[in-house]
Amino acid sequence: MGLSDLKNQYPIVFIGSGISKRYLDNFPSWTELLEEYWNKVDETEDIYSFLHNQNVKDANLSRPQQDFRANIAAATHIQKLFDSAFFRGNLKVNGLTKKLAQSDRISPFKWSISNRFKKLNLKNDVDITEVDLFRKMLAKSKMIITTNYDNFIEQSYVMVSDQQPEVFVGQQGLFDEGSGWAEIYKIHGSIEYPNSIIINEDDYSNFDDKSILVTA
């Protein structure tokens, strides 16, 4: 069944970063995002050497597990260097001051990632017919669960629907009684709340501890 075949079906949809990367200009994969930020903060080692060394440590694991563990290790390393450079005054982050970062315990790294994903533009060569079908599919969905931080799903939804979707971030609302319609669950955080973003080792550890049912 394709998108154009949906008539009276009302799906529950899971969306990962591949959708945003498919339709949006200059949208990075996870590793590409990490490389982009690595190059801002680490001048002593390139990211691929770091990832390789992490893979060697996890040689007994499957390749997907190796890549996952290496990426979150890289993100942890980047955040430590990025946040430190910000508070030393070596890095500036648009819209964030040292006072605000300290008083609200905001990670400059996560705030910067939020800024990175706020401007969304469709690719020049995107198939508009397909994008329109995708938007209509979203508007027919009972529930949308996503690991994406950006707002492409919400923006796509309102373009074809008069109804505003209800957006939940993190664990919010997952097991509450809701309307059962037009609900978006951003389980890995949202650019609207930078500290909600799940990207480093502690983030994933806390997510796993609190989200056994969600993970399953």
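Open room surrounds NZ on K136; 12 or fewer heavy atoms of other groups in view lie less than 6.0 Å from it. Atom NZ of K80 sits in a sparse spot, with 12 or fewer heavy atoms from other residues, nucleotides or ligands closer than 6.0 Å. Other residues, nucleotides and ligands contribute at most 12 non-hydrogen atoms within 6.0 Å of the CG atom of N94.
For F152 and F27, the ring centers sit 6.0 Å or farther from each other. Two rings, from F86 and W111, have their centers 6.0 Å or more apart.
The distance from atom CZ of F168 to atom CD1 of I184, rounded to the nearest 0.5 Å, is 10.0 Å. Taking CG from N115 and CG from L96, the interatomic distance works out to 8.5 Å, rounded to the nearest 0.5 Å. Taken to the nearest 0.5 Å, the CD1 atom of I199 stands 3.5 Å off from the CD1 atom of I113. In this structure, CZ in R88 is found 10.0 Å from NZ in K98, a value given to the nearest 0.5 Å. We find the CD1-OH distance between I198 and Y149 to be 7.5 Å, quoted to the nearest 0.5 Å. Taken from NE2 in H188 to CD1 in I197, the straight-line distance is 12.0 Å, to the nearest 0.5 Å.
Between the side chains of Y23 and S156, no donor N or O sits under 3.5 Å from an acceptor N or O. Side-chain N/O atoms of Y48 and E35 include a donor and acceptor closer than 3.5 Å. Checking K186 against N151 by side-chain atom types alone, a donor-acceptor pair falls below 3.5 Å.
For the side chain to side chain donor-acceptor pair (under 3.5 Å) test, residues two or more places apart in sequence or in another chain that qualify with S29 are E32.
Criterion: ILVMFWY side-chain heavy atoms under 4.5 Å apart, direct or through other members. Under it, V158 and F117 are not part of a common hydrophobic cluster. Cluster membership check: V13 shares its hydrophobic cluster with L24, using side-chain heavy-atom separations under 4.5 Å among Ile, Leu, Val, Met, Phe, Trp and Tyr. Residues F50 and L61 fall into different hydrophobic clusters, defined by Ile, Leu, Val, Met, Phe, Trp and Tyr side chains chained together at heavy-atom separations under 4.5 Å. Tracing side-chain contacts under 4.5 Å through hydrophobic residues (I, L, V, M, F, W, Y), one reaches I78 starting from F87; they form part of the same cluster. Tracing side-chain contacts under 4.5 Å through hydrophobic residues (I, L, V, M, F, W, Y), one never reaches M159 starting from L138; they form parts of separate clusters.
I15 has its side chain within reach of F134: a pair of non-hydrogen atoms, C-beta onward, lies under 4.5 Å apart. Looking at heavy atoms from C-beta onward, N26 lies out of side-chain contact with N121 at the 4.5 angstrom threshold. Residues R69 and K57 are not in side-chain contact: their nearest non-hydrogen atoms beyond the backbone lie 4.5 Å or more apart. Contact annotation: the side chain of L81 never approaches that of W38 to less than 4.5 Å [non-hydrogen atoms, C-beta and beyond].
In this structure a side-chain-to-backbone donor-acceptor pair under 3.5 Å is missing from E183 to M143. Side-chain N or O atoms of S190 include none that pairs as donor or acceptor with a backbone N or O of V169 at under 3.5 Å. Side-chain N or O atoms of N53 include one that pairs as donor or acceptor with a backbone N or O of S49 at under 3.5 Å. Between the side chain of K118 and the backbone N or O of E192 there is no donor-acceptor pair closer than 3.5 Å. Between the side chain of S103 and the main chain of K99, a donor-acceptor pair closer than 3.5 Å is present. Between the side chain of N195 and the backbone N or O of R105, at least one donor-acceptor pair lies under 3.5 Å.
For the pair V167 and E154, the tightest heavy-atom approach, listed with the atom from each and the gap, is CG2-CG, 3.8 Å. Of all heavy-atom pairs between Q54 and A70, the closest is CB-CB, 3.8 Å. Nearest heavy atoms, N148 versus G16: OD1-C, 3.0 Å. Counting all heavy atoms, side chain and backbone alike, K110 lies closest to D203 at NZ-OD2, 2.9 Å. Taking all atoms of both residues into account, the shortest heavy-atom contact from S112 to Y37 is OG-OH, 2.8 Å. Closest heavy-atom contact between S20 and D150: OG-OD2, 3.2 Å.
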Exercise for the section: Could you give me the CA-CA distance, side-chain angles and deciding distance for D67 and N55, then say whether side-chain contact (heavy atoms from CB on, under 4.5 Å) is met? Expected result: CA-CA 7 Å; D67 290 342; N55 290 162; 4.3 Å; yes
Exercise for the section: Run the numbers on N39 and D46 for side-chain contact (heavy atoms from CB on, under 4.5 Å), then give the verdict. Expected result: CA-CA 8 Å; N39 293 336; D46 69 85; over 6 Å; no
Practice task
Test side-chain contact (heavy atoms from CB on, under 4.5 Å) on I19 and I153 and set out the steps.
Solution key: CA-CA 9 Å; I19 287 293; I153 296 171; 5.9 Å; no
Exercise for the section: Determine, stepwise, if the pair F109 / V93 fulfils side-chain contact (heavy atoms from CB on, under 4.5 Å). Expected result: CA-CA 8 Å; F109 174 53; V93 178; over 6 Å; no
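Under 4.0 Å is where a charged nitrogen must lie from a carboxylate oxygen, and between R116 and E36 at least one such pair does.
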